[in-house]
2 protein chains.
Amino acid sequence: MARVNTKQLITEAAVRVAARHGISGASMDQIAEAAGVAKGSLYYNFASKDALFEEVIRSGFERLAGAIDAAREGADPSDAPRAVAGATLETLRGNLDLAKLMASEVFRTDRPWADAMEIARSSVVVRFRDVLREARAARSSTPISNGDSLAELTETAGAAFFGALAGAALDWLLFRPDQPVDRVLDQVLAAFEG
Amino acid sequence: MARVNTKQLITEAAVRVAARHGISGASMDQIAEAAGVAKGSLYYNFASKDALFEEVIRSGFERLAGAIDAAREGADPSDAPRAVAGATLETLRGNLDLAKLMASEVFRTDRPWADAMEIARSSVVVRFRDVLREARAARSSTPISNGDSLAELTETAGAAFFGALAGAALDWLLFRPDQPVDRVLDQVLAAFEG
DNA sequence: GTCTATAATCCGATAGAC
DNA sequence: GTCTATCGGATTATAGAC
């Protein structure tokens, strides 16, 4: 092992460069220069450019999944959607380059790592779905409950919630960065009232 | 003018190729082959690869904006969000390759055409915001209205609604295409109830 | 484990025939 | 207006020194 973690230097540089130029537009030369290492070191630590970015994207979804789980633990089910949404917005803000990269790549089904990425994306979507399901269950067991028989929430609802947060977060961070995070959160939740 | 519209052949081929490989990964050779014309014809009809894809992306947002406007005309303000959401889902389904391309590119701020694309994206976001605003106004003027003073909906709410629809539509069309559109629409709107 | 130097390929764009 | 042929440059990946 080297004195500093060369592998981490490389992945962080890859995120920075690819956020600006896209994955196809990010050359291994640029990444090596941004990381402060020689190009040969990239190919010692990663089998190929594809292997490098598979690692980058997969770890991005894992980070987001971890933030969701942490926010879920400390919240009542009925408050969990707001708590999870807030944690998602904060995570995207703290990893803006990675968020841009994930948004650009998440629906690309041609990459060599498409299967691995869909597993990672789906694990996040399922988390959102479960948070929404539990909030609805907690609400329908209150005295105010009515008799509507609603269709069960599916992954599609989770994907919609994820999409709303990602769309609002990137609109916010790229084009209206002066808003406080709570105001963005209020706008996301208000968009669907009624 | 040629017997067939070569320019349109080229833009349609560019959408197909770029949906698979991304814009940076789509070579002018591939596009020419997919369009059934020579590469020289690409450079006769478009000044550059950048100019070609600026046209492609901009026209995609214009098509979506037109579908939104058409759905808005025939609906009561309180029903407009559902009508507009349905029209958006149908438009994305009918132009899946273009939708994938737009999703991959909409948050790329480094492109030469970034300013033009942000104007096009913003015009769609504003349409969603206005539909949501009018629905809320129509609802608050009913007898059931309460005294809550809610913050006015902003572009961020429109971006959230747009993101929810795009996220749900691509999850649907790419990974769960057997669902009927009405079920997808129900899931999107149900995700935010409460 | 990291470096330099180079091989082999591919790309965007242009020139000029027809 | 569309074609073929080609230029100059950039890219991924590898070889071998240290």
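Naming: A, B, ... by sequence-line order, numbering from 1 per chain.
Atom CE of A:Met28 and atom C1' of C:dT9 are 16 Å apart (whole Å). Atoms CG (A:Leu42) and P (C:dG1) sit 16 Å apart, rounded to a whole Å. Between the NZ atom of A:Lys49 and the C1' atom of D:dA10 there is a distance of 12 Å, given to the nearest Å. Atoms NE2 (B:His21) and P (C:dC10) sit 13 Å apart, rounded to a whole Å. Atom CG in A:Asp29 sits about 15 Å away from atom P in C:dT6, given to the nearest Å. If you take CD of B:Glu33 and C1' of D:dC3, they are 16 Å apart, rounded to a whole angstrom.
The phosphate of D:dT2 has OP1 or OP2 within less than 4.0 Å of a side-chain N or O from B:Thr6. Dashed line: the shortest gap from a side-chain N or O of A:Ser27 to OP1 or OP2 of D:dA10 is not under 4.0 Å. Here B:Tyr44 does not reach the OP1 or OP2 of D:dT2: none of its side-chain N or O atoms lies under 4.0 Å away. For the pair B:Ser41 and D:dG1, the criterion of a side-chain N or O lying under 4.0 Å from OP1 or OP2 is not met. Between B:Tyr43 and the phosphate of C:dT14, there is no side-chain N or O to OP1/OP2 separation shorter than 4.0 Å.
Looking at the side chain of A:Ser48, the nearest of the listed nucleotides D:dA13, D:dT6, D:dT2 is D:dA13. Here the side chain of B:Lys39 is nearest to one of D:dT12, D:dC3, D:dT6, namely D:dT6. With C:dG12, D:dC3, D:dT12 as the choices, the nucleotide that has an atom nearest any side-chain atom of B:Ala38 turns out to be D:dC3.
Of the charged side-chain nitrogens involved, at least one lies within less than 4.0 Å of a carboxylate oxygen, so that B:Glu134 and B:Arg72 count as a salt-bridged pair. A salt bridge is defined here as a Lys NZ or Arg NE, NH1 or NH2 lying under 4.0 Å from an Asp or Glu carboxylate O, and B:Arg127 with B:Asp69 meets this definition.
More than 12 heavy atoms of other residues, nucleotides or ligands shown are found within 6.0 angstrom of CD on A:Glu62.
Residue B:Phe161 forms a side-chain contact (heavy atoms from CB on, under 4.5 Å) with just one option from B:Thr156, B:Val125, B:Leu132, B:Val131, and that option is B:Leu132.
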